[in-house]
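All values below were derived from every heavy atom in this structure, side-chain atoms included, with hydrogens, water molecules and symmetry-related copies excluded. Chain letters run A, B, ... following the sequence lines, proteins first and then strands; every chain starts at 1.
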Number of protein chains: 2
Amino acid sequence: MKKASERKRNTYHVGNLRVLLLSAAREMLEEVGPTKLSVRAVSDKVGVSCTAAYHHFANRTELVGCLAAKGFDELATVLAEQDRGTPKEEKIRTASLAYFSFARKNPALYQLMFGPEFSDSEMISELQSSRREAFGELKRIVAEYLDKDAQTAEVRGAALAGWSHTHGLASLVIHNVVRPPAEITDERFVDMSLEGFRSIFAG
Amino acid sequence: MKKASERKRNTYHVGNLRVLLLSAAREMLEEVGPTKLSVRAVSDKVGVSCTAAYHHFANRTELVGCLAAKGFDELATVLAEQDRGTPKEEKIRTASLAYFSFARKNPALYQLMFGPEFSDSEMISELQSSRREAFGELKRIVAEYLDKDAQTAEVRGAALAGWSHTHGLASLVIHNVVRPPAEITDERFVDMSLEGFRSIFAG
DNA sequence: ACCTGAACACCGTTCAAGT
DNA sequence: ACCTGAACACCGTTCAAGT
């Protein structure tokens with residue numbers, strides 16, 4: 001009883017509502033899917049009126065854009081971690097694997113990151129820079145693999161090819177367009193596809 | 001005046017409402033984007049109450065699923081057409097190009113086809129079979145390129161790799177994650193990426 | 001400065017009723 | 001058999017008002 005006013009205060013002026021909303025959103029994301037994450041439901045979960053969210057985010061796109069930006073940050077981190085200490089010849093394979101398994105572990109987040117929500121100009125700069133950084137990490141890895149400068153056309157092309165391939169593979173699997181046989185590990189599946197490319201270029 | 005009853009009849013019993021709804025949806029799709037296509041707006045455009053749509057489609061997903069299925073049919077057709085008469089060594093490149101430019105010409109449709117709307121079981125059989133047919137076309141082309149039987153593991157792997165790559169490339173471009181330089185044609189862009197792969201495997 | 005309630009325009013979907 | 005209107009539960013977003 002004596003806590004009534006205190007509790008009311010707590011829920012009225014939360015203070016760090018922005019981060020509470022973001023982490024609630026992240027928690028709900030994988031349950032409800034990338035398209036059905038609503039400002040109202042997220043606010044509800046935090047225990048705050050849905051209009052409160054609009055003091056911290058301009059709109060739903062911005063909220064969801066922050067989530068996506070964090071996703072790219074995580075992805076860049078994972079890529080860098082897995083790359084550390086990997087011998088040169090294995091770098092592409094290791095990066096592809098790290099990328100693919102990040103996508104599989106966070107399917108809804110991954111769909112958000114590459115989904116149709118930020119098609120054009122309605123995109124926050126935070127997302128744009130996080131994205132760029134993740135792609136930068138990829139280019140860095142490819143540059144080391146090829147032993148070329150990261151700014152060369154060759155590295156850019158190879159990074160684009162590698163990104164396209166792994167992103168495509170992850171996207172097809174996540175959307176159930178392609179179903180990897182149940183007995184096959186992520187590792188073997190990525191290898192299968194890389195091997196497939198090798199045989200295309202062998203001819 | 002004398003046409004009043006006739007007109008009423010026309011809009012009451014349209015008869016082929018199903019196809020009218022689908023073509024209205026297809027028309028709106030590229031304008032409003034893949035996520036914002038609503039049953040209500042489509043029905044409005046046809047001039048019919050939105051509940052009428054529910055006599056022809058179980059729900060929004062089914063309506064939008066039919067659209068996606070038609071997309072896969074078109075894609076399969078385009079691939080087959082472009083492949084006809086292409087010399088063996090050029091088959092992969094031609095197919096990649098046909099695929100990529102289909103995606104670029106129909107960005108919203110493409111996003112729908114590979115979007116998050118049909119993540120799991122809520123998918124109609126029509127879509128599943130159209131998809132399978134499009135992938136079958138791809139496998140056929142790869143099989144001819146490699147001069148192997150379409151059922152071999154090698155062809156399956158190569159088709160998976162090729163599909164992943166081109167789908168990934170198209171997806172990155174459509175979502176503005178990667179922006180091909182304005183002065184570069186689709187053709188050169190696809191070539192750049194294929195060339196990038198070649199240099200990855202040259203090492 | 002930060003939060004709320006009421007309100008508006010839009011959804012998907014259902015159900016009883018009309019032709 | 002096919003279509004409609006009213007209704008419900010959900011959205012995003014805005015605005016005037018509270019603390």
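- For the residue pair B:H56/B:E62, the side-chain donor-acceptor check at 3.5 Å is not satisfied.
- Of the candidates C:dG12, D:dT4, D:dC11, the closest approach to any side-chain atom of B:R40 belongs to C:dG12.
- In the model, A:H165 has no side-chain atom that pairs as donor or acceptor with a side-chain atom of A:S96 under 3.5 Å.
- In this structure, NZ in A:K70 is found 5.0 Å from CG in A:L22, a value given to the nearest 0.5 Å.
- Comparing A:K36 and A:H55 by the nucleotide of DNA chain D that holds the closest heavy atom to each, the one mapping nearer the 5' end is A:K36.
- Checking A:D186 against A:S101 by side-chain atom types alone, no donor-acceptor pair falls below 3.5 Å.
- Proximity of residues 57-67 of chain B to DNA chain C (heavy atom under 4.0 angstrom from any strand atom) is restricted to B:N59, B:R60.
- Per the geometry, CZ belonging to B:R18 stands 13 Å off P belonging to D:dC3, to the nearest Å.
- Of the two residues contacting DNA chain C, namely B:Y54 and A:H56, the nearest-nucleotide position lying further toward the 5' end is that of A:H56.
- The interatomic distance linking A:M28 (CE) with D:dC11 (C1') rounds to 13 Å, in whole Å.
- B:E133 is linked by a side-chain hydrogen bond (donor to acceptor under 3.5 Å, both in side chains) to nothing, counting only residues two or more places apart in sequence or in another chain.
- A donor N or O paired with an acceptor N or O is found under 3.5 Å between the base of C:dG5 and the side-chain atoms of A:T51.
- Between A:L37 atom CG and C:dC11 atom C1' there is a gap of 17 Å when expressed in whole angstrom units.
- One atom, CG of B:N16, and another, C1' of D:dC3, lie 14 Å apart when rounded to the nearest Å.
- Using a distance-only test at 3.5 Å, with no hydrogens or angles considered, a donor-acceptor pair links the side chain of B:Y145 to the main chain of A:I200.
- Contact check for B:D149 versus B:V155: no side-chain heavy atoms found under the 4.5 Å cut-off.
- Rounded to whole angstrom, the span from the CG atom of A:D44 across to the P atom of D:dA9 amounts to 15 Å.
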Open item on the list: Reading 5' to 3' and counting Watson-Crick or G-U wobble pairs with both distances under 3.5 Å, write the dot-bracket notation for DNA chain C, | for bases paired outside the strand.
Closed with: ||.|||||...|||||.||
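- Atom NZ in A:K88 sits 9.0 Å away from atom NZ in A:K91 (nearest 0.5 Å).
- Candidate nucleotides D:dC11, C:dC3, C:dG12 were compared by shortest atom distance to the side chain of A:A41, and D:dC11 ranks first.
- Note that CG of B:D83 and CZ of B:R140 are 5.0 Å apart. Values are rounded to the nearest 0.5 Å.
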